[in-house]
Amino acid sequence: MDKTYDVAIIGGGPAGFSAGLYASRGKMSAVIIEKGKWGGQAGTTEELENYPGSIEHPTGPSLMERMKNQAEAFGTEFIRDEVLGFDLSDKVKVLKLKNGELKARSIIIASGAQYTNLGAPGEDTFRGKGVSYCATCDADFFTELEVVVIGGGDAAVEEAIYLTKFAEKVTIVHRRDEFRAAKSIAEKALANEKIKVIWDTVPEEIYGDGIVEGVKLKNVKTGEITDYRTDGVFIFVGTKPISDFVKGIVDMDAKGYIITDAEMKTSVEGIFAAGDVRITPLRQVITAAADGAIAAIGAEKYIEKTFGH
Ligand code: NAP
C-alpha cells in the first residue's frame, strides 16, 4: 500500500495492456488491475484475423498473451482484484479494492464491455446447461452436436464459424435478412457448409429438461412460431460497458459508455478512459490498443504538469 503508482490501469484487455506497455516504456510505474480473466473479450475470441500483423497465430488468446507479456517485460505489474470505489479528495488518488487499497497519481479506465443478455424465457434457467456466451470456453462440449447461434454481428458470425470446428451443424438465427457483421466474415460464414442461417427470426423461448433441448423460434415477418431442436444456444446479441464502478464520478452517456476527448481524458482530471468502455465509433482490438497508448501518453503529460516529474 505504501507504493504510489504513476498509473493505475483498470482492466486487463488490449486497451489496458497497451496502456501498461506505453506507460512502462515511458518509465512510469504502472499496474493493471483485473477482476476476471486476462485478455478481456478478445481473450475469448478465437478467430481474430483483423489485427494487423496477427497472421501466424490469429487467435485472441495468443495475441492477448503476447500483449500481456510485452507489457510485463517493460515493467508493468499485474494485480487480480476488483475496484469497488475511489477516494479522489487528494492529488494522489486512492483506489478501493476488494482486497485493500492502492495509490496512484493517475488512472486509466480500460474495463471494456461485456455481453448482454437476450432476455428470452429459459435463458437464465439453462445458462451453463446448454446456453453459453463464449464459444472459446464451451465449444468443446458440443463436439458433433448441433448448436444455434443468436445474433448477426461480428461476434455471432465469427463465433459461429469457430463452432463449426466442433459442432456437426451450426444454425445462426438473426432477426433481420442481412448480417451486421463485416462482409468478409459474413461471406466466410455463408460459404461454410456446416452453417445454416435462419433470417428474420428471433428466439421466443429456450426449453429443455435439465439441459437445452430446443428453441421456439418466431419469424418476425409472418409471426409463425416453429420448434427447433438443438443441443446448445450461443448468444451474441451485443455488449454493454463495464462502468458501474465509476458511475457518478466520470461523465457517461445513458448506456454507461464513458465520454472522453481525443486524448482519452474523462471529465475528471487525471482519469482517462480507453477501449470499449468509452464512446467510440469502432470497438476492435486495434482501436482499444490505440486508445490505451494515447491514454498512457496523456497520463504522462498530466503527471508532469501536476506532480512536476
Ligand atoms: P453488435 O455488433 O452490437 O451485434 C449484435 C447483434 O445482435 C446484431 O446483429 C443485432 O441485430 C443482434 N441483436 C441485438 N439484440 C437482439 C435481440 N434482442 N434479439 C435478437 N438479436 C439481437 O454486437 P457484437 O457482435 O457482440 O459486437 C460488439 C462489438 O465488438 C462490435 O463493435 C463488433 O464490431 C466488435 N467485435 C469485433 C470483432 C472482430 O472484428 N473480430 C469480433 C467480435 C466483436 P441487428 O443487426 O438487427 O441490430
Side-chain angles (χ1 to χ4, degrees), residues 11 13-15 39-55 57-64 67 110-124 131-137 139 148-163 171-190 195 197-206 215-221 225 228 233-242 255-257 274-291:
Q41 286 193 103
T44 63
T45 304
E46 280 299 323
E47 305 272 332
L48 213 159
E49 294 171 331
N50 57 0
Y51 190 78
S54 189
I55 296 169
H57 305 287
T59 73
S62 74
L63 180 62
M64 289 307 102
M67 281 193 185
S111 45
Q114 62 183 4
Y115 65 78
T116 48
N117 294 331
L118 178 65
E123 180 179 8
D124 289 341
V131 170
S132 172
Y133 304 84
C134 174
T136 309
C137 321
V148 161
V149 170
I150 314 288
D154 285 332
V157 181
E158 273 192 343
E159 299 308 299
I161 296 167
Y162 175 67
L163 280 161
T171 305
I172 303 177
V173 174
H174 183 36
R175 65 181 176 184
R176 287 188 295 129
D177 60 3
E178 62 173 348
F179 287 134
R180 176 179 295 279
K183 282 199 176 63
S184 62
I185 301 171
E187 278 168 12
K188 206 167 152 188
L190 293 170
I195 295 179
V197 186
I198 303 181
W199 304 106
D200 299 316
T201 299
V202 290
E204 281 275 285
E205 186 190 342
I206 300 164
V215 276
K216 289 218 160 47
L217 299 177
K218 182 182 175 184
N219 183 303
V220 291
K221 288 195 169 149
I225 309 259
Y228 200 81
V233 181
F234 283 81
I235 299 171
F236 301 105
V237 292
T239 54
K240 60 182 179 204
I242 303 170
K255 289 183 180 162
Y257 288 102
D276 283 8
V277 74
R278 76 178 192 98
I279 298 174
T280 170
L282 190 63
R283 293 195 169 88
Q284 306 268 311
V285 175
I286 189 166
T287 47
D291 282 4

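Start at 1 and go down the list; that is how both ligands and their atoms are numbered. Just so we're clear, the structure is a prediction, and the values are computed from it rather than from any experiment. The first residue in the sequence is number 1, and the count goes up from there.
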Visitor: Can a donor-acceptor pair be found, under 3.5 Å and without considering hydrogens, that links the side chain of Ser111 to the backbone of Ile242?
Guide: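 Between the backbone of Ile242 and the side chain of Ser111 there is a qualifying donor-acceptor contact (under 3.5 Å).
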Visitor: Is there a donor-acceptor pair closer than 3.5 Å between any side-chain N or O of Asp276 and the backbone N or O of Gly112?
Guide: no
Visitor: Can you tell me how far apart NZ (Lys255) and CD1 (Ile279) are? Round to the nearest 0.5 Å.
Guide: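 One gets 9.5 Å once the value is rounded to the nearest 0.5 Å.
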Visitor: Tell me every residue that passes salt bridge (Lys or Arg N to Asp or Glu O under 4.0 Å) with Lys221, counting only those two or more places apart in sequence or in another chain.
Guide: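 For Lys221 the salt bridge (Lys or Arg N to Asp or Glu O under 4.0 Å) partners, ignoring immediate neighbours, are Asp177, Asp200.
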Visitor: List ligand 1's nitrogen or oxygen atoms that come under 3.5 Å of a protein nitrogen or oxygen, with the partner atom and distance.
Guide:
residue, atom, partner, partner atom, Å
ligand 1, 9 (O), Gly152, N, 3.0
ligand 1, 9 (O), Gly153, N, 3.2
ligand 1, 11 (O), Arg175, NE, 3.1
ligand 1, 11 (O), Arg175, NH2, 3.4
ligand 1, 25 (O), Asp154, N, 3.4
ligand 1, 25 (O), Ala155, N, 3.0
ligand 1, 34 (O), Asp154, OD2, 2.7
ligand 1, 34 (O), Gln284, NE2, 3.2
ligand 1, 40 (O), Asn50, ND2, 2.8
ligand 1, 40 (O), Gln284, OE1, 2.8
ligand 1, 40 (O), Gln284, NE2, 3.2
ligand 1, 41 (N), Glu158, OE1, 3.1
ligand 1, 41 (N), Glu158, OE2, 3.1
ligand 1, 46 (O), Arg176, NE, 3.3
ligand 1, 46 (O), Arg176, NH2, 2.8
ligand 1, 46 (O), Arg180, NE, 3.0
ligand 1, 46 (O), Arg180, NH2, 3.4
ligand 1, 47 (O), Arg175, NE, 2.9
ligand 1, 47 (O), Arg176, NE, 2.7
ligand 1, 48 (O), Arg175, NH2, 3.0
ligand 1, 48 (O), Arg180, NE, 3.4
ligand 1, 48 (O), Arg180, NH2, 2.7

Visitor: With a 4.5 Å cut-off on side-chain heavy atoms, are Thr45 and Tyr162 touching?
Guide: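 Not touching, per the 4.5 Å side-chain cut-off.
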Visitor: Decide side chain to side chain contact (heavy atoms under 4.5 Å, CB included) for Thr239 and Gln41; before the verdict, give the C-alpha distance in whole Å, the side-chain angles of both, and the deciding distance to 0.1 Å.
Guide: CA-CA 10 Å; Thr239 54; Gln41 286 193 103; 3.3 Å; yes
